[in-house]
Amino acid sequence: MSRLGTLGARLYRGEVGYDFVGKRKIWYGISILITITAIVGLAVRGLNMGIEFSGGAVFTTPNTKISSTEVRQAAEDAAGGHTVVVQELGRGGLRVQISELDTKEALPVQEGLAKELGVSTSKIDTQLVGPSWGEQIASKAWQGLAIFMVLVVIYLAIAFEWRMALAALIALVHDLTITVGVYALVGFEVTPGTVIGLLTILGYSLYDTVVVFDGLKEASKDITKQTRFTYSEIANRSLNSTLVRSINTTVVALLPVGALLFIGGGLLGAGMLNDISLALFVGLAAGAYSSIFIATPLVADLKERDSRMKALAKRVKAKRAAAAKAEAADPAAEEDDAPALEDAAAAPAGVVGQRRQPASRNRGRGRPSGKRR
């Protein structure tokens, strides 16, 4: 078995682990810092909305040896101050996009590009997008996002409970904010492909969160009938048991998306892939982070406020204090109390080792009882 497989098996059995829930304040601080950075970037730089949302014109040229810089300069001169974006196409042509350009302003740009390339005007393919159509697309995108969020909350509240639904919703908003903030900081264009990418990553983030919550639901079943672990410790054990699965799923999902972003959009120059691949790449990474470091710790925080969980925590604390007091009073009984002391020592850190059999079970075996048969 590979090292990762061995580690996953040990994590699943609770032999090793990391205290994710116990260090939740660190993760909250990191997430708040990233979120603030994303919001500042969004407020300062804003989003580079594509013509599908802002309206404008797209000019597609035939194969040419003229550089994209020269074509951009010619388009800017003809457009009269409008923002120009030039992308190289795989077949050797160029895609010239100019936002907020109406029909009257598009004709001089088409003629200027034809003159720069030395071709007839009819060779320059022109597509116009009205601003009203872009507003409709944006409105439908927001409606779809709102409906998705509502359905997610209803499903999680029914399948699990309202605390998990609230934690999952916060994690989804966290992922959205980070992704949109990265778009603002990087300056990539927001297109319908970007919206599709955002909806895709929300689905992935929800899937990863549901997997973790399902394990937590099973692990915390009848939790009040025991006094070994608090809810936070059960949540941490459950999270560690699904950790390797979450990492493997994320890595496998990021590899093809990374190929689209860095190879397709970067090396091969297929810039049109950037709008969806960046959203997928950032969103997948943020979704994996939030399901581990945000969603489960939030559920633990919310559950620990419940009166039953508070009572359970008091009983667990009392039992551990009694076990420690008994050990201090009678060191010879250390072997008898070994399992309970192991649990008491390991549970606060969220790591529980393999339990040893009580030594008392073996006492008297092979020893004379002092009675005649």
Side-chain angles (χ1 to χ4, degrees), residues 28 31-32 34-55 99 129-186 188-214 253 257 274-291 293-299 301-302:
Y28 293 165
S31 294
I32 291 174
I34 296 175
T35 303
I36 291 176
T37 303
I39 293 175
V40 170
L42 184 62
V44 174
R45 300 195 59 177
L47 292 174
N48 180 21
M49 306 301 293
I51 63 170
E52 292 86 357
F53 298 103
S54 62
S99 300
V129 179
S132 60
W133 187 82
E135 292 177 359
Q136 293 178 4
I137 292 295
S139 176
K140 291 181 182 295
W142 283 111
Q143 291 177 6
L145 182 60
I147 293 173
F148 176 84
M149 290 291 193
V150 171
L151 292 178
V152 164
V153 172
I154 294 175
Y155 166 74
L156 290 178
I158 295 175
F160 299 100
E161 60 170 311
W162 69 267
R163 296 176 183 85
M164 291 185 176
L166 179 60
L169 180 63
I170 293 174
L172 289 177
V173 173
H174 168 271
D175 300 341
L176 270 177
T177 304
I178 291 177
T179 306
V180 173
V182 169
Y183 259 85
L185 293 172
V186 174
F188 277 15
E189 188 179 42
V190 177
T191 67
T194 305
V195 178
I196 295 172
L198 288 175
L199 294 176
T200 303
I201 63 159
L202 290 180
Y204 171 84
S205 177
L206 177 62
Y207 162 77
D208 205 26
T209 302
V210 167
V211 169
V212 175
F213 282 178
D214 187 61
V257 176
N274 290 335
D275 53 359
I276 186 171
S277 59
L278 180 63
L280 289 174
F281 190 85
V282 175
L284 289 176
Y289 172 84
S290 64
S291 64
F293 297 95
I294 302 299
T296 304
L298 275 175
V299 172
D301 268 339
L302 294 173

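Here, residue 1 is the first one in the sequence, and each next residue gets the next number.
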Legend entry - Main-chain N/O of A288 paired to S291 side chain as donor or acceptor, under 3.5 Å: yes

Legend entry - Distance (rounded to the nearest 0.5 Å) between M149 CE and L176 CG: 4.5 Å

Inset, instruction - Can you see which heavy atom on A171 is nearest to which on A295, and at what distance? - result: CB-CB, 4.3 Å

Legend entry - Test item: R163 side-chain N/O and V299 main-chain N/O as donor-acceptor pair under 3.5 Å: no

Inset, instruction - Taking the side chain as every heavy atom from C-beta outward, state whether L151 and Y155 have any pair of such atoms under 4.5 Å apart. - result: no

Inset, instruction - Taking all heavy atoms of S31 and all of I294, pick out the closest pair and write down the distance. - result: OG-CD1, 3.0 Å

Inset, instruction - Determine whether V282 and I201 make a side-chain contact, defined as any pair of heavy atoms from C-beta on separated by less than 4.5 Å. - result: no

Inset, instruction - Look at the rings of H174 and Y289 and say which category their plane angle falls in: under 30° parallel, 30 to 60° tilted, over 60° perpendicular. - result: parallel

Legend entry - Under 3.5 Å: donor-acceptor pair, side chain of T177, backbone of V173: yes

Inset, instruction - Report the residue from T296, D208, D175 that forms a side chain to side chain donor-acceptor pair (under 3.5 Å) with S290. - result: D175

Inset, instruction - Would you name the heavy atoms of V180 and L47 that are closest together and state the gap between them? - result: O-CD2, 3.8 Å

Legend entry - Considering all heavy atoms, the nearest F148-L172 contact: CE2-CD1, 4.4 Å

Legend entry - Closest contact, heavy atoms only, L185 versus G41: CD2-CA, 3.6 Å

Inset, instruction - Identify which one of L278, L42, L198 satisfies the side-chain contact (heavy atoms from CB on, under 4.5 Å) criterion when paired with Y183. - result: L278

Legend entry - Atom pair CE (M164) and OG1 (T209), whose distance is rounded to the nearest 0.5 Å: 11.0 Å

Legend entry - Nearest heavy atoms of V257 and S277, plus distance in Å: CG1-O, 3.5 Å

Legend entry - Interatomic distance, L156 atom CG to L206 atom CG [nearest 0.5 angstrom]: 5.5 Å

Legend entry - L298 backbone acceptor or donor facing Y28 side chain under 3.5 Å: yes

